[in-house]
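Each remark here refers to the structure printed beneath this line.
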Amino acid sequence: MDPTCSSESIYNLIPSDWKEHPPPPRYVSVFKAAVKDEKQKFKTAMKTMGPAKLEVPSPKDFLKKHSKEKTLPPKKKFERNEPRKPPVPLRTDHPVMGIQSEKKFINTNAADVIMGVAKKPKPIYVDKRTGDKHDLETSGLVPKYINKKGYGVTPDYIRKRNEEVKKAQEEYDNYIQENLREAAMKRLSDEEREAVLQGLKKNWEEVHKKFQSLSVFIDSIPKKIRKQKLEEEMKQLEHDIGVLEKHKIIYIANK
């Protein structure tokens, strides 16, 4: 027989409107979110693709027998080379008392302050609104080099070297002039040099015109010889024109 169906069942003593109370809420720490975020931050920082890259040990550095045992330094003979310290004073010895100096420290210090030169503050400069201070002497903002006595003056060694170069050039010019007198050389004037230059250019144009009038097909030996001759003449004329244009002073032998 089912006991719940009986009128004398113990379950009949429970009131019908009774409800079970919900359990109390669990304790939640106020630092739970902060701890979770910090844990996740360190966890993310430790993530790597595989093991950390470590330096591979060298095969030459293998572990040897007794290599980790501590070795004591070699035994040395003790010798007292340093002098002994002075002995400790005896109990009956008393320090000298009553010694006084005749120097007036107050007056001396006051006189030193009055007669002394005031210390100048170290020059500084500030480059930020926060007040960052820096040394002004080593900053390059002080024009101390342009105020020097020898600023802008040519050094002695450079002046001496320029004089030596100038003297050597004069000696070389005199040597050239002497050789020109001995060899009876004549210097071309600017008009003569220009006339020679224009004549060379005119000759080059004539040779070039002949070169352009050659046949397209060079199929015979005379044609090849003529082409080669014209090329050599143009090359020689180009060389002479370049020499005259490069050198402004030209000397020729007198006949």
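Note: hydrogens, waters and symmetry copies are ignored here, and every other heavy atom, side chains too, is used.
- Using a distance-only test at 3.5 Å, with no hydrogens or angles considered, a donor-acceptor pair links the side chain of R193 to the main chain of L244.
- Counted by atom type alone, E232 and Q236 present zero donor-acceptor pairs between their side chains at under 3.5 Å.
- Considering every non-hydrogen atom in both Y145 and Y151, the closest pair reads O-CD1, 3.3 Å.
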Quiz item: For N174 and E178, what are the C-alpha separation, side-chain angles and deciding distance, and is it a side-chain hydrogen bond (donor to acceptor under 3.5 Å, both in side chains)?
Solution: CA-CA 6 Å; N174 296 333; E178 193 69 26; over 6 Å; no
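- Here the side chains of E137 and P123 are in contact, with some heavy-atom distance below 4.5 Å.
- Here the side chains of L141 and L136 are in contact, with some heavy-atom distance below 4.5 Å.
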Quiz item: What do the steps show when you test K201 against E245 for salt bridge (Lys or Arg N to Asp or Glu O under 4.0 Å), and what is the final call?
Solution: CA-CA 11 Å; K201 290 183 178 180; E245 290 180 346; 3.4 Å; yes
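- Taken together through direct or relayed side-chain contacts under 4.5 Å among Ile, Leu, Val, Met, Phe, Trp and Tyr, V207 and L214 form part of one hydrophobic cluster.
- Shown here is I158, whose CD1 atom has more than 12 heavy atoms of other residues, nucleotides or ligands within 6.0 Å.
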Practice problem: Please test D127 against H134 for side-chain contact (heavy atoms from CB on, under 4.5 Å), starting from the C-alpha separation and ending with a verdict. | Solution: CA-CA 8 Å; D127 59 349; H134 303 280; 3.4 Å; yes
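- Scanning all heavy atoms of the two residues, the minimum distance from H208 to M234 falls at CA-SD, 3.6 Å.
- When the side chains of ILVMFWY residues are joined at heavy-atom separations under 4.5 Å, either directly or via intervening members, V35 and V30 end up in a single hydrophobic cluster.
- E238 CD to L200 CG: the interatomic distance, rounded to the nearest 0.5 Å, is 11.5 Å.
- In this structure, E171 CD and K166 NZ are separated by 13.0 Å, a value rounded to the nearest 0.5 Å.
- A salt bridge is defined here as a Lys NZ or Arg NE, NH1 or NH2 lying under 4.0 Å from an Asp or Glu carboxylate O, and K160 with D156 fails to meet this definition.
- Distance check: Q228 CD to I218 CD1 gives 12.0 Å after rounding to the nearest 0.5 Å.
- No side-chain heavy atom of R226 sits under 4.5 Å from any side-chain heavy atom of K229.
- In this structure, NZ in K210 is found 13.5 Å from CD in Q212, a value given to the nearest 0.5 Å.
- Atom CG of L197 and atom CG of D240 lie 10.5 Å apart (nearest 0.5 Å).
- N147 places no side-chain N or O within 3.5 Å of a backbone atom of K144 that could act as its donor or acceptor partner.
- The shortest side-chain heavy-atom distance between Y125 and K133 does not fall under the 4.5 Å cut-off.
- For the side-chain hydrogen bond (donor to acceptor under 3.5 Å, both in side chains) condition, no pair includes a residue of residues 97-123, sequence neighbours left out.
- Pairing each heavy atom of I241 with each of W204, the nearest pair is CD1-CB, 4.4 Å.
- The two residues K223 and S220 have their closest heavy-atom pair at CG-OG, 3.2 Å.
- Judged as a side chain to side chain donor-acceptor pair (under 3.5 Å), and not counting sequence neighbours, E170 has no contacts.
- A 4.5 Å side-chain heavy-atom check between P222 and K224 finds every atom pair outside the cut-off.
- Inspection of the D173 and Q177 side chains reveals no N or O donor paired with an N or O acceptor under 3.5 Å.
- Atom NZ of K64 and atom NZ of K68 lie 14.5 Å apart (nearest 0.5 Å).
- Between Y175 and Y172, the ring planes are tilted. Angles from 30° to 60° get that label.
- Residue pairs meeting the ring pair (Phe, Tyr, Trp, His ring centres under 6.0 Å) criterion with at least one member in residues 62-114: none, sequence neighbours excluded.
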